[in-house]
Amino acid sequence: MKASEINKKWKELQSIIAKDFDMELPDLKVMLFLIGVQELGKGPQQFSKRQKEELMHIATCRLFSAMGFYELKGLDEEGWPHWDLVKPIPNYTLLEQEMILKSLIIDYFEDTYTLS
């Protein structure tokens, strides 16, 4: 996808998520948090600051697994997923990182969430 297409789809996705979750337009961190909660599979609940950071890490690993960088290792005794880095992630610029993450998030929601 070209940057302009990613940005267009990103804005559309932000609007859909904001409407469906009755929230302001979500930024990257909020989207990562939502994906992390989904991947954890325990439903909405209160999370500590550390758990929120871990949820965003889970989301990042899940997203980058689509590019072959991470592989699901399994779940720990509390049911939290753990991932192994299977190949180094290239040193992308901040703009490249943002565009890649947006593209992966768009793909994730297209695959796992009925976009209305």
Side-chain angles (χ1 to χ4, degrees):
M1 265 191 283
K2 291 183 179 179
S4 60
E5 186 180 353
I6 291 170
N7 285 326
K8 180 179 181 278
K9 286 187 169 195
W10 177 254
K11 296 256 183 244
E12 291 169 1
L13 178 60
Q14 283 180 300
S15 294
I16 291 167
I17 297 298
K19 180 179 168 248
D20 288 357
F21 286 87
D22 193 25
M23 64 184 344
E24 304 222 354
L25 287 180
D27 62 11
L28 270 172
K29 288 182 179 181
V30 171
M31 294 292 222
L32 290 173
F33 174 75
L34 291 173
I35 292 170
V37 171
Q38 178 66 27
E39 290 299 309
L40 181 60
K42 297 179 182 262
Q45 57 183 283
Q46 292 293 322
F47 295 103
S48 69
K49 182 179 178 183
R50 179 181 159 95
Q51 287 174 321
K52 288 176 184 175
E53 290 169 353
E54 290 173 6
L55 287 166
M56 289 190 290
H57 176 72
I58 288 168
T60 302
C61 293
R62 166 60 177 83
L63 293 171
F64 277 101
S65 72
M67 295 176 70
F69 293 113
Y70 284 93
E71 188 174 90
L72 183 60
K73 180 179 173 183
L75 304 177
D76 66 17
E77 60 281 348
E78 295 175 3
W80 284 67
H82 290 270
W83 298 80
D84 283 335
L85 182 65
V86 293
K87 68 180 183 182
I89 299 173
N91 289 325
Y92 296 115
T93 66
L94 286 178
L95 182 58
E96 288 171 329
Q97 287 176 35
E98 182 179 323
M99 294 308 285
I100 290 167
L101 274 174
K102 284 180 178 179
S103 178
L104 291 170
I105 290 169
I106 291 164
D107 291 345
Y108 178 88
F109 278 98
E110 286 176 346
D111 291 345
T112 62
Y113 187 75
T114 304
L115 299 176
S116 50

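Counting begins at 1 with the first residue of the sequence. The structure presented is a predicted model; accordingly, all values stated were derived computationally and were not measured.
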Is [Y] reachable from [X] through a run of hydrophobic residues whose side-chain heavy atoms are each under 4.5 Å from the next?
X: Met23; Y: Leu28; answer: yes
X: Leu85; Y: Met56; answer: yes
X: Met31; Y: Tyr92; answer: yes
X: Val86; Y: Ile89; answer: no

[atom1] ([X]) with more than 12 external heavy atoms under 6.0 Å:
X: Asp27; atom1: CG; result: yes
X: Gln45; atom1: CD; result: yes
X: Glu71; atom1: CD; result: no

Distance (rounded to the nearest 0.5 Å) between [X] [atom1] and [Y] [atom2]:
X: Glu96; Y: Asn91; atom1: CD; atom2: CG; answer: 10.0 Å
X: Tyr70; Y: His82; atom1: OH; atom2: NE2; answer: 13.5 Å
X: Gln14; Y: Asn7; atom1: CD; atom2: CG; answer: 9.5 Å
X: Ile35; Y: Ile58; atom1: CD1; atom2: CD1; answer: 12.0 Å
X: Lys11; Y: Leu25; atom1: NZ; atom2: CG; answer: 7.5 Å
X: Lys9; Y: Lys102; atom1: NZ; atom2: NZ; answer: 14.5 Å

Is there a side-chain contact between [X] and [Y] in this structure, where contact means two heavy atoms from C-beta onward sitting under 4.5 Å apart?
X: Ile100; Y: Leu63; answer: no
X: Phe21; Y: Val30; answer: no
X: Asp107; Y: Met1; answer: yes
X: Ser4; Y: Lys8; answer: no
X: Gln97; Y: Leu94; answer: yes
X: Ser65; Y: Leu72; answer: no

Could you walk me through whether Phe109 and Ile17 pass side chain to side chain contact (heavy atoms under 4.5 Å, CB included), step by step? CA-CA 10 Å; Phe109 278 98; Ile17 297 298; 3.7 Å; yes
For the pair Phe64 and Trp83, evaluate side chain to side chain contact (heavy atoms under 4.5 Å, CB included) and give the outcome as yes or no after the intermediate values. CA-CA 10 Å; Phe64 277 101; Trp83 298 80; over 6 Å; no
Okay, side chain of Glu39, backbone of Ala59: is any donor-acceptor separation there less than 3.5 Å?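 Absent.
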Please confirm whether the backbone N or O of Met99 pairs with a side-chain atom of Ser103, one donor and one acceptor, at under 3.5 Å?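 Judged by distance alone, no pair lies under 3.5 Å.
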Considering all heavy atoms of both residues, which atom of Leu13 and which atom of Ile106 are nearest to each other, and what is their separation?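 Looking at all heavy atoms of both residues, the closest pair is CD2-CA, 4.1 Å.
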Nearest heavy-atom neighbours spanning Asp76 and Glu78: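 Minimum heavy-atom contact is OD1-N, 2.9 Å.
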